[in-house]
2 protein chains.
Amino acid sequence: MLRLSKMSDYAAVVMAHIARYPEQAHAAAELSEAVGVPRPTVSKTLKMLMHAGLLQSRRGAQGGYRLTRTPIEISVSEIIEAIEGPVAMTECSQAEGECGLAATCGVADNWQRVSMAIRQFLDSVTLADLAQKTPIKMPVMLPIQSVSLASISDA
Amino acid sequence: MLRLSKMSDYAAVVMAHIARYPEQAHAAAELSEAVGVPRPTVSKTLKMLMHAGLLQSRRGAQGGYRLTRTPIEISVSEIIEAIEGPVAMTECSQAEGECGLAATCGVADNWQRVSMAIRQFLDSVTLADLAQKTPIKMPVMLPIQSVSLASISDA
DNA sequence: ACATTGAGGACCATTCTAGTCCCCATTAAA
DNA sequence: TTTAATGGGGACTAGAATGGTCCTCAATGT
Ligand code: SF4
Ligand code: SF4
């Protein structure tokens, strides 16, 4: 279903929560309760976000997590990538692991473009957008055909 | 990685292959060889595409599969949905199965919009786009902020 | 000192995925 | 009418990924 993993979802929820009070340090326990996700799981998520450089932590009393950047400077694609790796629809859309069918499949090139379009879109959505209460408006996406089908000439 | 499943990828490849000769019937064996995917797997994929109404089949000698519509009338989102169900990033982006955090998470609404934007985009990419040899051009996507953060006024 | 809080990583259960196989139904052609 | 081609349906399996838990150690403020 082209579904985000639950962990990514948690990550987004947690990040959004932190983004609403960016100045405070948020302990894992606090976030766990606020969000309704068991502590160990939330902790794991936080660790991943930290490794990705989206959060900084301080241990000890009064410690916790806070954002390394302002919510406007964090994109949802970064959050997703922190949890599940690069946003890529097909195997061939990542640098590594070229799929064996690349030679015969004939769609690799176009898939990569589609994939890139989605990545760019996700780049353009920020944590601030996600966290705000008022629903964000949808971006205008020009139908792909309008630019592509015009110039077909080969086989 | 927000990755398409392999099956969906196969489906796309196979559909693209058929789309290049829409008039002929394509036997599973033929497609299997053309695409380099083992017969049983390709067969399974074809069955799914048929159930979704994207292909029609005829059994017996000279039988095989062909498209039910022209390639321009088939969107890649339909192909994906045929294999892995509705394109939805979060659990709450589908009608059924509301996730338990819906009340507390505070991002459901915005995720749904992001999800819908992607779905719409995928709707706009057709099988013809995918199948053509010349690389498709990317659609222009206006950054979401430009439309969202400016005009916040509603609830 | 000591209570708090994160770091790191092992570990497990369950689900999903990819892939295989078998047997039956239909159709065209010999 | 027989036969060969071809899809339909569905059960089945091995393996990977996912979601989630737990334990112990390190840091830090009071
Ligand atoms: S598009 Fe082609 S090359 Fe890319 S992953 Fe799919 S089959 Fe492999
Ligand atoms: S966004 Fe909120 S409601 Fe939607 S799936 Fe994630 S947690 Fe559940």
Side-chain angles (χ1 to χ4, degrees), chain A residues 1-14 18 24-33 35-68 80 82-85 90-91 97 99-101, chain B residues 1-14 18 24-33 35-68 80 82-85 90-91 97 99-101:
Chain A
M1 310 156 180
L2 200 61
R3 176 92 49 67
L4 225 51
S5 79
K6 274 196 188 182
M7 295 303 277
S8 303
D9 194 16
Y10 295 161
V13 172
V14 164
I18 298 179
Q24 301 174 19
H26 300 264
E30 176 216 324
L31 291 166
S32 158
E33 182 160 3
V35 152
V37 174
R39 209 139 341 156
T41 305
V42 135
S43 237
K44 190 179 188 177
T45 311
L46 288 164
K47 285 175 202 167
M48 288 196 254
L49 290 166
M50 218 213 52
H51 278 124
L54 299 180
L55 291 178
Q56 61 187 138
S57 66
R58 223 172 71 237
R59 312 193 199 184
Q62 308 307 316
Y65 296 89
R66 65 187 68 194
L67 302 177
T68 53
I80 296 175
I83 309 293
E84 30 189 319
T90 59
E91 217 172 314
C99 122
L101 309 181
Chain B
M1 313 153 176
L2 200 63
R3 178 90 50 67
L4 226 52
S5 78
K6 275 196 187 182
M7 294 302 278
S8 303
D9 193 16
Y10 294 162
V13 173
V14 165
I18 298 180
Q24 302 173 18
H26 299 264
E30 174 215 326
L31 292 167
S32 158
E33 182 160 4
V35 151
V37 173
R39 207 139 344 155
T41 305
V42 133
S43 237
K44 190 181 187 178
T45 310
L46 288 164
K47 285 174 200 168
M48 287 195 254
L49 290 166
M50 218 212 52
H51 277 124
L54 299 180
L55 291 178
Q56 62 188 137
S57 65
R58 222 172 71 242
R59 311 192 200 185
Q62 309 306 316
Y65 295 89
R66 64 187 68 194
L67 302 176
T68 52
I80 296 175
I83 309 292
E84 28 190 321
T90 60
E91 217 172 316
C99 120
L101 309 181

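Residue numbers start from 1 in every chain, and the chains themselves are labelled A, B, ... in the order their sequence lines are given, proteins ahead of strands.
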message: Around atom CD of A:Gln56, are there more than 12 heavy atoms from other residues, nucleotides or ligands closer than 6.0 Å?
response: yes
At under 4.0 Å, does any side-chain N or O of [X] touch on OP1 or OP2 of [N]?
| X | N | answer |
| --- | --- | --- |
| A:Ser5 | D:dG19 | yes |
| A:Tyr10 | D:dG20 | yes |
| A:Arg58 | D:dG29 | yes |
| B:Ser43 | D:dG8 | no |
| B:His51 | D:dG8 | no |
| A:His26 | C:dT5 | no |
| A:Tyr65 | C:dA7 | yes |

Rounded to the nearest Å, what distance is computed from the [atom1] atom of residue [X] to the [atom2] atom of nucleotide [N]?
| X | N | atom1 | atom2 | value |
| --- | --- | --- | --- | --- |
| B:Leu31 | D:dG7 | CG | P | 8 Å |
| B:Arg59 | C:dA29 | CZ | P | 17 Å |
| B:Glu33 | D:dA5 | CD | P | 15 Å |
| A:Lys44 | D:dT21 | NZ | C1' | 9 Å |
| B:Arg39 | C:dC22 | CZ | P | 14 Å |
| B:Met48 | C:dC16 | CE | P | 15 Å |
| B:Leu4 | C:dT17 | CG | P | 12 Å |
| A:Arg3 | C:dT15 | CZ | C1' | 13 Å |

- prompt: When you measure from the side chain of B:Pro40, which nucleotide among C:dA18, C:dA29, C:dT20 comes out closest?
  reply: C:dT20
Closest nucleotide among D:dC22, C:dA28, C:dA7 to the A:Ser57 side chain: C:dA7
message: Between the base of C:dG6 and the side chain of A:Lys47, is there a donor and acceptor pair under 3.5 angstrom?
response: no
task: Measure the CD1-CG distance between A:Ile18 and A:Leu46 for me, rounded to the nearest 0.5 Å.
output: 6.0 Å
- prompt: How long is the gap from CD on B:Glu91 to CZ on A:Arg3, to the nearest 0.5 Å?
  reply: 6.0 Å
task: Give a yes or no answer on whether the side chain of A:Ser32 reaches the backbone of A:Val42 with a donor-acceptor pair at less than 3.5 Å.
output: no
message: Quick check: closest heavy atoms across B:Gly63 and B:Ala25, and the distance to 0.1 Å?
response: O-CB, 3.8 Å
field: B:Thr41 vs B:Ala61, nearer the 5' end of DNA chain C by closest nucleotide
entry: B:Thr41
